[in-house]
**Q** 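I have a structure I would like to understand better, so I am pasting it below and will then ask my questions one at a time.
Note on naming: letters A, B, ... go to the chains in the order of the sequence lines (proteins, then strands), and numbering restarts at 1 for each one.
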Amino acid sequence: MTTSSAQPERYNPKSTEAKWRKIWNDRQSFKADDDSSKPGYYVLEMFPYPSGKLHMGHVRNYTIGDVITRYKKARGFAVLHPMGWDAFGLPAENAALDNNAHPKTWTYDNIAAMKKQFELLGLSFDWSREVATCDVAYYHQQQKIFLDFMRHDIAYQKEAEVNWDPVDNCVLANEEVIDGRGWRSGALVEKRKLTQWFFRITKYAESLIDGLKTLNEWPEKVVTMQENWIGKSQGVRFKFNLLDMVPGYGEKNIEVFTTRPDTIFGASFVAIAAGHPLATALAKTDPALAAFIAECQKGGTAAADIETAEKLGYNTRLKVPHPFDKKIELTVWVANFVLMGYGTGAIFGCPAHDQRDLDFANKYTLPVRPVVIPDGEIAEAFRVTKLAYTAPGRLFNSDFLNGLEVDAAKKVAIKKFEEKEIGTAETQYRLRDWGVSRQRYWGCPIPIIYCPDCGTVPVAEKNLPVLLPEDVTFDKPGNPLDHHPTWKYVSCPNCGTNATRETDTMGTFVDSSWYFMRFCDPHNKDKPFDKKKAEKWLPVDQYIGGIEHAVLHLLYARFFTRAMKECGYIDLEEPFKRLFTQGMLTHQTFKDANGKWLYPEEVEKRDGKWVKIDDGTAVDAGDVIKMSKSKKNTIEPTSSIDAYGADATRLFVMSDSPADKDLEWSTAGIDGAWRFVNKLYRMISESLDGGLPNLTEKPSSFSDNATALRKITHRSIQVFTDSLEKFQFNSALARLREFTNEITAFKASTMDEKWALREALESVVRIINPFMPHLSEELWETMGHQAILADSDWPVIDVELARRDAVTIGVQVNGKVRATITLPVGCDIKIAEETALAHKDVQAWIDGKAIKKVIVVPDRIVNVVVA
RNA sequence: GGCCCCGUGGCGGAAUUGGUAGACGCUCACGACUUAAAAUCGUGUGUCCUUCGGACGUGCCGGUUCAACCCCGGCCGGGGCUACCA
């Protein structure tokens with residue numbers, strides 16, 4: 001006995017979703033065609049690291065891409081939507097240590113597991129283009145690119161002070177150091193002097209800044225972050241002459257860099273970094289200075305350290321003359337706040353107009369000479385004591401600069417420096433060259449051989465790839481490649497002498513810097529990719545990923561594209577035309593009485609209080625924060641898909657919040673999405689039960705009632721489409737719900753009404769397709785269609801019907817809405833005014849008072865101003 | 001410290017970019033169906049005033065305007081990036 005006759009039929013996502021995934025797969029619905037005559041559109045989401053487990057953040061990221069792909073395809077584009085794996089990297093080695101699995105096995109197993117989870121979501125990937133960066137086919141081509149970079153002087157080797165992560169046992173790029181700590185390990189980074197491979201990203205600093213101006217479809221935030229990271233500043237590099245030679249210091253001067261050459265007459269001291277060669281030279285005969293330098297090098301770089309760090313200096317008692325006035329002598333100090341890594345490692349101090357210099361001058365009672373005065377102040381009375389004056393103003397006490405505004409004074413000062421050949425105008429960047437060597441096994445080998453006679457010898461192209469050996473051991477610390485018994489030992493390709501291979505591998509950000517190019521020609525064995533094929537698709541039309549890559553990956557990829565251009569691979573500078581950064585997924589956190597984190601499924605709400613399900617003890621419900629394994633506030637995508645289906649899960653992550661903002665996962669939210677999926681299913685089945693005419697049997701005329709629904713239908717498609725184009729998915733879906741509410745309220749009895757109802761229902765099914773592809777395909781089939789939606793076009797909007805012909809607007813009296821009136825769209829101002837004034841509520845509020853004026857904004861508002 | 005973003009009901013968020021603030025959803029309450037529950041459907045849900053109706057209301061204070069969530073000035077709060085960058 002079943003109660004099904006009384007029960008509304010429920011949608012079964014499990015069987016339906018599997019059915020449609022198979023159909024898309026069999027039909028190769030999302031295979032990108034290189035030779036298509038349609039315009040190309042390249043949709044790309046940042047490819048994942050194969051951790052083995054899909055998380056909700058992935059679901060959101062890839063659903064956004066999927067919605068765009070399906071939509072653009074329906075709009076007549078040939079869409080490229082590939083997927084691959086950022087598969088090299090340290091976690092594989094750590095897993096090898098923990099589970100005794102080989103990094104390769106671990107990685108490929110993870111890829112297989114994750115691919116299965118991906119498939120459950122029904123994403124429109126062209127899997128025929130799948131690549132993993134750890135595939136030999138991929139890193140082989142990367143080695144080729146590396147050699148090309150060498151030939152073009154983009155890749156080079158140097159000894160440099162680098163960031164050493166003591167936990168991961170490897171070097172990090174500047175971009176990978178966050179707040180003085182390794183980005184992955186969180187360990188305090190140490191400085192080490194090592195010989196490493198670098199990419200000359202600084203060569204493109206200007207181009208990378210300039211290019212930002214063309215990226216007007218990128219979030220402004222990301223553009224600013226890159227701008228700040230590159231850190232361009234313009235100024236002057238000039239020299240202070242030393243009166244005597246200092247033993248052990250090769251120069252007879254100290255070179256400084258400044259962005260404020262206008263304040264040169266306010267100079268009261270010169271300060272050099274603790275690591276400056278002059279400081280080192282002086283320290284040899286001055287133990288007190290040596291001790292001071294050692295003290296300086298201890299200081300931390302964390303935010304708190306800098307905030308509280310006291311300005312400290314050591315007076316070397318050396319004197320240098322002022323470049324424009326020999327009578328003034330400045331003392332040379334070694335100071336802890338001067339950085340060796342920026343500019344020349346030396347500055348002139350102008351306390352009146354730089355806060356750090358002022359703090360320093362106050363501490364050591366050095367002179368403070370103001371030379372810039374704000375408008376309206378009197379020179380004689382103007383004092384700088386605790387706060388440096390850094391705003392615009394006029395120069396005084398400054399010889400040839402007197403009376404000039406700051407900006408003009410800078411120009412004049414620079415000219416003078418150059419005329420007198422003391423200094424030159426210079427642009428400094430904060431950006432440093434990109435260190436790519438990593439002392440790790442699981443990465444792309446750097447194709448270099450070191451010969452005792454010939455030096456650094458690149459591996460010949462015909463001898464590529466340099467294969468990563470698989471028989472490695474992780475039983476001792478350090479790089480397994482380095483202790484491999486044979487791999488490292490080779491004979492020199494030039495002279496045959498016993499030589500060794502480079503055992504460092506490339507950092508994984510190199511791998512991800514060109515994968516979007518490889519996708520255009522993923523199986524090419526001879527070269528990274530065919531130029532023509534790449535140029536068919538590139539630049540990526542829509543790139544989607546997390547904001548956390550604002551400077552890392554996105555900057556590297558922009559650099560790489562320029563470098564690839566220089567090597568002749570492609571005629572392109574900017575790889576990503578449009579960028580969208582999605583927000584994070586968040587969830588409430590829970591702790592038990594002992595302060596231990598609890599998973600959401602371990603707790604429940606009873607009588608408005610959170611308790612532990614198994615023993616009912618009180619639970620501390622904490623902040624809503626980014627889902628993370630350590631805080632246990634995660635939701636498994638697979639469990640949500642299992643319970644509600646892929647479509648409901650997709651719908652929820654797309655509907656509850658704007659896609660670029662954080663989204664809080666909630667049970668109520670996913671329940672709501674699931675209800676809506678069922679509502680759609682029921683709405684269609686029940687309407688079909690009543691019998692609806694086919695759309696080919698269009699009635700010759702429509703009643704007002706039927707026309708009203710048709711107008712709603714076409715207007716809804718239009719608003720929905722507009723929102724979709726603007727990435728306002730939550731608004732699009734809100735409009736969709738309104739639309740379905742209106743359909744549900746519609747009663748169809750005559751043939752023309754039934755036709756209009758069918759038109760409305762078919763429209764709903766077609767526009768939900770990008771969001772709920774399985775459900776919509778199923779409903780489309782139920783409605784009697786042979787063609788599948790994945791191959792169908794977007795509904796055509798009847799502009800005539802979509803246009804509003806009447807509009808309800810507010811009528812204000814003295815700026816407060818007192819009534820509403822409905823007028824034809826584009827109605828004459830006079831008529832609008834008359835209608836408004838005729839309204840009884842409006843009359844009541846005017847109450848016989850004199851009308852001063854009436855403002856009519858067509859289709860918007862009428863405002864009656866009375867005395 | 002510097003640069004930038006954001007503050008709208010109990011909650012997530014809309015608002016055609018200066019023109020009816022709170023769409024849509026969630027929550028909650030009540031009602032219908034049911035022996036009952038679930039599911040479903042209906043009604044209500046910014047605050048205050050006893051109601052018809054009205055007053056107030058987009059972090060706070062002020063300004064511009066016929067009209068301000070939106071523009072300007074100043075505060076307060078939250079967040080991001082960056083950092084002794086000369």
**Q** Under 4.0 angstrom, heavy atoms only, what part of the nucleic acid is A:V857 near: base, sugar-phosphate, or nothing?
**A**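 Base, at least one base heavy atom under 4.0 Å.
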**Q** Measure NZ/A:K726 against C1'/B:A15 and give the value in whole Å, please.
**A** 12 Å
**Q** When the distance from CZ of A:R675 to P of B:C24 is rounded to whole Å, what number comes out?
**A**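 Interatomic distance, CZ of A:R675 to P of B:C24: 16 Å.
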**Q** Is any side-chain heavy atom of A:T427 closer than 4.5 Å to one of A:S233?
**A**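 Contact flag for A:S233/A:T427 side chains = no.
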**Q** Check every strand shown and say whether A:V256 touches a base, only sugar-phosphate, or nothing at a heavy-atom separation below 4.0 Å.
**A**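 No contact.
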**Q** Where the side chain of A:Y342 is concerned, which of B:A86, B:A67, B:A14 is the nearest nucleotide?
**A**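 Selected nucleotide (nearest to the side chain): B:A86.
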**Q** Could you label the plane-to-plane angle of the A:H353 and A:Y389 rings as parallel, tilted or perpendicular, counting under 30° as parallel and over 60° as perpendicular?
**A** perpendicular
**Q** So A:E738, base contact, sugar-phosphate only, or nothing? Heavy-atom distance under 4.0 Å.
**A** sugar-phosphate
**Q** Give me the ring orientation class for A:F720 and A:F771: parallel if the planes are under 30° apart, tilted from 30 to 60°, perpendicular past 60°.
**A** perpendicular
**Q** Is the centre of the A:W665 ring less than 6.0 Å from the centre of the A:F652 ring?
**A**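 Centroid separation for A:W665 and A:F652: below 6.0 Å.
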**Q** Which nucleotide, B:G13, B:U20, B:A86, lies nearest any side-chain atom of A:T808?
**A** B:U20
**Q** Please give, in whole Å, the distance from B:A86 P to A:I264 CD1?
**A** 16 Å
**Q** Flag the pair A:H322 / A:F348 as yes when their ring centroid distance falls below 6.0 Å, and as no otherwise.
**A** no
**Q** Could you tell me whether the side chain of A:F240 reaches within less than 4.5 Å of the side chain of A:N253, counting heavy atoms only?
**A**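 No, too far: nothing below the 4.5 Å cut-off.
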**Q** Report the distance from atom CZ of A:R260 to atom C1' of B:A86, rounded to the nearest whole Å.
**A**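 These atoms are roughly 11 Å apart.
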**Q** Test salt bridge (charged side-chain N to carboxylate O under 4.0 Å, His left out) on A:D359 and A:K386 and set out the steps.
**A** CA-CA 8 Å; A:D359 294 344; A:K386 289 229 156 58; over 6 Å; no
**Q** Identify each atom pair where a protein N or O and an N or O of nucleotides 29-32 of chain B are less than 3.5 Å apart, giving names and distance.
**A**
none

**Q** Could you tell me the separation between the CG atom of A:L823 and the P atom of B:G19, rounded to a whole number of Å?
**A**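 Atom CG in A:L823 sits about 18 Å away from atom P in B:G19.
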**Q** Would you sketch RNA chain B in dot-bracket for me? Only Watson-Crick or G-U wobble pairs with both distances under 3.5 Å count, crossing pairs as [ ], other-strand pairs as |, the rest as dots.
**A** (((((((..(((......[....))).(((((.......))))).((((...))))..(((((..]....))))))))))))....
**Q** Nearest whole Å is fine: how far is B:A15 P from A:I809 CD1?
**A** 21 Å
**Q** Which class fits the ring pair A:Y681 and A:Y11: parallel under 30°, tilted 30 to 60°, perpendicular over 60°?
**A** tilted
**Q** Can you tell me how far NZ of A:K840 sits from CZ of A:R818, rounded to the nearest 0.5 angstrom?
**A**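 If I round to the nearest 0.5 Å, the distance is 14.0 Å.
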**Q** Give me, pair by pair, the N or O atoms of the protein and of nucleotides 53-55 of chain B that are less than 3.5 Å apart, along with how far apart they are.
**A**
residue: B:A55; atom: OP1; partner: A:R818; partner atom: NH2; Å: 3.3
residue: B:A55; atom: OP2; partner: A:R818; partner atom: NH1; Å: 3.1

**Q** Would you mind reporting whether A:F590 and A:Q588 have side-chain heavy atoms less than 4.5 Å apart?
**A** yes
**Q** Of all the nucleotides listed (B:C85, B:U40, B:C3), which has the minimum atom distance to the side chain of A:R430?
**A**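 Looking only at heavy atoms from C-beta outward on A:R430, the closest nucleotide is B:C85.
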**Q** What verdict does the salt bridge (charged side-chain N to carboxylate O under 4.0 Å, His left out) test give for A:D828 and A:K830, after you've listed the backbone C-alpha separation in whole Å, the side-chain angles of each residue and the deciding distance to 0.1 Å?
**A** CA-CA 5 Å; A:D828 187 80; A:K830 274 237 172 65; over 6 Å; no
**Q** A:L339 has a side chain; which of B:G19, B:C85, B:U40 sits nearest to it?
**A** B:C85
**Q** Please list, for nucleotides 43-45 of chain B, all pairs of protein and nucleotide N/O atoms separated by less than 3.5 Å.
**A**
none

**Q** Taking the side chain of A:N863 as heavy atoms from C-beta outward, which of B:C66, B:A21, B:A86 is closest to it?
**A** B:C66
**Q** Suppose we call two aromatic rings close when their centres sit under 6.0 Å apart. Are A:F257 and A:F238 close by that rule?
**A** no
**Q** If the P atom of B:C30 is compared with that of B:A38, how far apart are they to the nearest Å?
**A**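 About 13 Å, rounded to a whole number of Å.
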**Q** Counting side-chain heavy atoms from CB outward, which of B:C26, B:C24, B:A14 is closest to A:N730?
**A**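 Given the options B:C26, B:C24, B:A14, the side chain of A:N730 is closest to B:A14.
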**Q** Could you tell me if the side chain of A:I717 sits less than 4.5 Å from the side chain of A:T721, heavy atoms only?
**A**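 The answer is yes, as the side chains (C-beta and beyond) meet within the 4.5 Å cut-off.
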**Q** Between B:A14 and A:R735, is there an OP1 or OP2 to side-chain N/O distance shorter than 4.0 Å?
**A**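 So the side chain of A:R735 is outside the cut-off, no N or O lying under 4.0 Å from OP1 or OP2 of B:A14.
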**Q** Is the ring centre of A:W333 less than 6.0 Å from the ring centre of A:Y364?
**A**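 So the answer is yes for these two rings.
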**Q** At under 4.0 Å between heavy atoms, what does A:T820 touch on the DNA or RNA strands: base, sugar-phosphate, or nothing?
**A** base
**Q** Of A:T344 and A:V865, whose closest RNA chain B nucleotide lies nearer the 5' terminus?
**A**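 It is A:V865, whose closest nucleotide lies nearer the 5' terminus.
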**Q** When you get a sec, tell me which of B:U16, B:C66, B:A15 is the closest nucleotide to the side chain of A:R804?
**A**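 Nearest to the side-chain atoms of A:R804, counting from C-beta on, is B:U16.
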**Q** Side chain of A:R860 only, heavy atoms from C-beta on: which candidate in B:C66, B:C84, B:U16 is closest?
**A** B:U16
**Q** Could you say whether A:M340 or A:G810 is positioned toward the 5' end of RNA chain B, judged by the nucleotide with the nearest heavy atom to each?
**A**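 The answer here is A:G810.
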**Q** How far does the C1' atom of B:G9 sit from the matching atom of B:U58, given to the nearest Å?
**A** 10 Å
**Q** Looking only at side-chain N and O atoms, does A:R356 come under 4.0 Å of OP1 or OP2 in B:C85?
**A**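 A:R356 to B:C85 OP1/OP2: side-chain N or O found under 4.0 Å.
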**Q** A side-chain contact here means heavy atoms from C-beta on lying under 4.5 Å apart; do A:R558 and A:L215 qualify?
**A**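 Of all side-chain heavy-atom pairs linking A:L215 with A:R558, at least one is under 4.5 Å.
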**Q** Would you kindly give the CG-to-P distance between A:L733 and B:G13, to the nearest whole Å?
**A** 15 Å
**Q** Quick one: salt bridge (Lys or Arg N to Asp or Glu O under 4.0 Å) pairs with a partner in residues 652-667 of chain A, sequence neighbours left out?
**A**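 For residues 652-667 of chain A, and leaving out neighbouring residues, there are no salt bridge (Lys or Arg N to Asp or Glu O under 4.0 Å) pairs at all.
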**Q** Can you tell me the distance, in whole Å, between the CG atom of A:N228 and the C1' atom of B:G1?
**A** 14 Å
**Q** What nucleotide, of B:G80, B:C84, B:C24, holds the atom closest to the side chain of A:K311?
**A**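 Minimum distance to the A:K311 side chain belongs to B:C84.
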**Q** Pick the C1' atom in B:C24 and in B:C71, then give their distance to the nearest Å.
**A** 29 Å
**Q** Please list each protein N or O that sits under 3.5 Å from an N or O in nucleotides 5-12 of chain B, with the distance.
**A**
residue: B:G12; atom: O2'; partner: A:D656; partner atom: O; Å: 2.6

**Q** Flag this pair as yes if the NZ/CZ of A:K311 is under 6.0 angstrom from the six-membered ring centre of A:F337 and inside a 45 degree cone about the axis; otherwise no.
**A**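 Geometry flag: set, cation within 6.0 Å and 45°.
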**Q** By nearest atom, which of the nucleotides B:C24, B:C84, B:A67 is closest to the A:N336 side chain?
**A**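 The nucleotide sitting nearest to the side chain is B:C84.
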